[in-house]
Amino acid sequence: MIESKMGFPQSPMQHQNMGSFSTARLEDDGDSILGSYSSWLRKQPSALCAFEGIMKKAKGKEIAVFLDYDGTLSQIVDNPDQAYMTEKMRCAVREVADCFPTAIVSGRCRDKVFEFVQLNNVCYAGSHGMDISFPLASSKSQDGRHQTRAFNEKGDEIVWFQPAQDFLDTVQEIMRLLKERTTRIDSAVVEDNKYCISVHYRCVHEKDVGKLKQIVESTMEAYPTYRITWGKKVMEIRPPVEWDKGRAIEYLLESLDLNGHCNILPLYIGDDDTDEDAFKVIQKTKHGFSIIVSSVPRETTASYSLRDPNEVHSFLTHLAKWKRSSSSS
């Protein structure tokens with residue numbers, strides 16, 4: 001039985017003058033900022049404030065949890081190599097993964113995400129879902145394309161799904177070119193995410209941002225089938241593969257034998273434009289929950305919102321607590 005009151009803290013937004021936010025503008029990172037936060041919350045209500053209602057809809061169903069990493073489980077930081085999650089967030093994710101099938105879906109290299117998270121009870125999908133690993137025992141997929149088997153450090157057999165494997169050499173070639181050509185742009189960071197490349201300009205001087213973008217775009221003219229997408233102070237180069245975080249979720253649901261079951265309720269939390277692909281998949285299921293992490297109003301297909309990683313932590317903690325209480329009642 002779902003408890004009527006679980007001691008949830010009030011959302012920080014309840015203590016602020018929500019009408020004080022400025023009206024529509026376009027941020028440099030590409031996010032479209034629309035209207036006031038209070039108006040936006042009427043369309044994307046706080047997932048903390050709406051928690052009991054969400055859980056009523058989840059009663060009797062099997063929740064599958066999907067989480068972005070940067071800006072969701074960790075704060076956005078100047079140095080991408082220092083985007084560490086807090087120990088309390090790690091504990092919250094561990095508890096959730098003990099209760100529900102859980103995967104972390106990130107644009108980062110899968111190995112790097114694992115280094116940050118350090119949990120063995122979750123699935124990892126790196127490179128926007130182009131590099132997925134999960135235990136062989138969990139795999140129900142009948143489609144062996146792009147799959148290989150390997151053993152982890154504990155000797156357990158795992159499945160790797162890598163649909164962009166044929167493009168790896170070219171991606172690495174582009175990465176080397178970008179590293180060479182951006183050396184004169186102070187504080188620019190070219191990050192190797194294995195099957196995609198991130199060019200960070202969060203710390204680049206404003207006068208040099210245009211030069212950096214020109215370098216990236218001119219370099220990519222020699223690779224016309226590759227895509228440049230935009231995130232928060234980052235340009236991302238992806239190979240010509242019809243794959244994204246939404247497709248990754250569909251693949252994971254199928255592989256874990258969760259896809260197509262009306263009692264499966266996928267829940268996705270993310271903060272970036274690339275998470276919109278996942279939100280659309282959740283929306284298409286008509287029985288899942290999509291939650292955007294944002295402290296400003298922005299265009300999104302997500303149904304609910306959380307303000308920042310601190311609220312994500314609170315939501316995950318309440319989710320695990322709800323599961324334990326409902327299982328014991």
Side-chain angles (χ1 to χ4, degrees), residues 1-21 31 33-68 71-73 88-89 92-93 95-97 99-103 105 246 249 262-272 275-276 278-327 329:
M1 180 178 297
I2 301 175
E3 299 179 9
S4 60
K5 292 184 180 179
M6 299 181 69
F8 299 155
Q10 283 187 307
S11 169
M13 290 310 302
Q14 293 174 324
H15 304 293
Q16 296 187 22
N17 177 8
M18 292 184 289
S20 64
F21 286 86
D31 291 336
I33 310 303
L34 302 174
S36 69
Y37 201 88
S38 56
S39 298
W40 185 74
L41 281 176
R42 286 195 286 271
K43 294 182 178 179
Q44 281 80 33
S46 166
L48 280 176
C49 296
F51 186 85
E52 290 186 42
I54 294 173
M55 292 303 101
K56 285 179 181 177
K57 295 177 183 178
K59 187 175 181 180
K61 298 184 182 296
E62 177 70 25
I63 296 175
V65 179
F66 301 94
L67 305 166
D68 179 35
T72 299
L73 300 181
K88 72 174 186 177
M89 181 67 86
V93 175
E95 289 183 0
V96 165
C99 297
F100 312 101
T102 301
V105 187
I249 288 177
C262 61
N263 67 323
I264 299 300
L265 196 153
L267 185 153
Y268 189 100
I269 307 177
D271 78 304
D272 197 71
D275 295 310
E276 292 295 330
F279 296 156
K280 291 173 184 175
V281 167
I282 299 296
Q283 186 182 57
K284 188 172 65 174
T285 68
K286 297 182 179 180
H287 56 264
F289 297 115
S290 52
I291 304 173
I292 188 170
V293 183
S294 181
S295 60
V296 294
R298 53 186 286 192
E299 290 183 342
T300 182
T301 54
S303 301
Y304 297 91
S305 66
L306 292 168
R307 184 170 172 79
D308 53 32
N310 290 329
E311 287 200 352
V312 173
H313 171 266
S314 295
F315 182 87
L316 295 178
T317 299
H318 298 330
L319 185 60
K321 185 188 298 184
W322 170 83
K323 177 64 174 179
R324 289 194 297 269
S325 65
S326 60
S327 297
S329 61

Please walk me through it: do Lys88 and Thr317 pass side chain to side chain contact (heavy atoms under 4.5 Å, CB included)?
CA-CA 10 Å; Lys88 72 174 186 177; Thr317 299; over 6 Å; no
Pairs flagged by salt bridge (charged side-chain N to carboxylate O under 4.0 Å, His left out) wherever residues 286-296 is involved - sequence neighbours left out:
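Applying salt bridge (charged side-chain N to carboxylate O under 4.0 Å, His left out) to every pair that reaches into residues 286-296, excluding sequence neighbours, yields nothing.
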Are any side-chain N or O atoms of [X] and backbone N or O atoms of [Y], one a donor and one an acceptor, separated by less than 3.5 Å?
{"X": "Trp40", "Y": "Arg298", "result": "yes"}
{"X": "His287", "Y": "Ile264", "result": "yes"}
{"X": "Asn310", "Y": "His313", "result": "no"}

Within this structure, what is the [atom1]-[atom2] distance for the pair [X] and [Y], rounded to the nearest 0.5 Å?
{"X": "Cys99", "Y": "Lys321", "atom1": "SG", "atom2": "NZ", "answer": "12.5 Å"}
{"X": "Leu306", "Y": "Leu48", "atom1": "CG", "atom2": "CG", "answer": "5.5 Å"}
{"X": "Met89", "Y": "Leu67", "atom1": "CE", "atom2": "CG", "answer": "8.5 Å"}
{"X": "Ile63", "Y": "Asn263", "atom1": "CD1", "atom2": "CG", "answer": "11.5 Å"}
{"X": "Leu41", "Y": "Ser305", "atom1": "CG", "atom2": "OG", "answer": "5.0 Å"}
{"X": "Lys323", "Y": "Met55", "atom1": "NZ", "atom2": "CE", "answer": "10.5 Å"}

Salt bridge (Lys or Arg N to Asp or Glu O under 4.0 Å) with Glu276: which residues, sequence neighbours excluded?
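Listed in chain order: nothing, the list is empty.
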Nearest non-hydrogen partners of [X] and [Y], listed with the distance:
{"X": "Ser303", "Y": "Pro45", "value": "O-CD, 3.4 Å"}
{"X": "Phe289", "Y": "Ile282", "value": "N-CG2, 3.4 Å"}
{"X": "Val293", "Y": "Pro309", "value": "CG1-N, 4.3 Å"}
{"X": "Leu265", "Y": "Lys57", "value": "CD1-O, 4.0 Å"}
{"X": "Tyr37", "Y": "Ser294", "value": "OH-O, 3.0 Å"}

Check Arg324 with Glu95, please: is the shortest side-chain N to carboxylate O separation under 4.0 Å?
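Here Glu95 pairs with Arg324 in a salt bridge, since their nearest N and O are under 4.0 Å apart.
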Contacts of [X] that satisfy side chain to side chain contact (heavy atoms under 4.5 Å, CB included) - sequence neighbours left out:
{"X": "Ala278", "answer": "Lys245, Ile249, Tyr268"}
{"X": "Ala302", "answer": "Phe279, Ser290, Ile292, Thr300"}
{"X": "Lys284", "answer": "Glu250"}
{"X": "Val96", "answer": "Val65, Phe100, Thr102, Leu316, Leu319, Ala320"}

Give me the one residue out of Leu73, Ile269, Asp271 that meets side chain to side chain contact (heavy atoms under 4.5 Å, CB included) with Asp68.
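Result: among Leu73, Ile269, Asp271, Asp271 is the only option passing the side chain to side chain contact (heavy atoms under 4.5 Å, CB included) with Asp68.
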Report the residue from Phe315, Tyr304, Trp322 that forms a ring pair (Phe, Tyr, Trp, His ring centres under 6.0 Å) with Phe51.
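Looking at Phe315, Tyr304, Trp322, the match for Phe51 under the ring pair (Phe, Tyr, Trp, His ring centres under 6.0 Å) is Phe315.
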Taking C-beta and beyond as the side chain, do Pro101 and Glu62 meet within less than 4.5 Å on heavy atoms?
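Side chain of Pro101 against side chain of Glu62, heavy atoms only: contact under 4.5 Å found.
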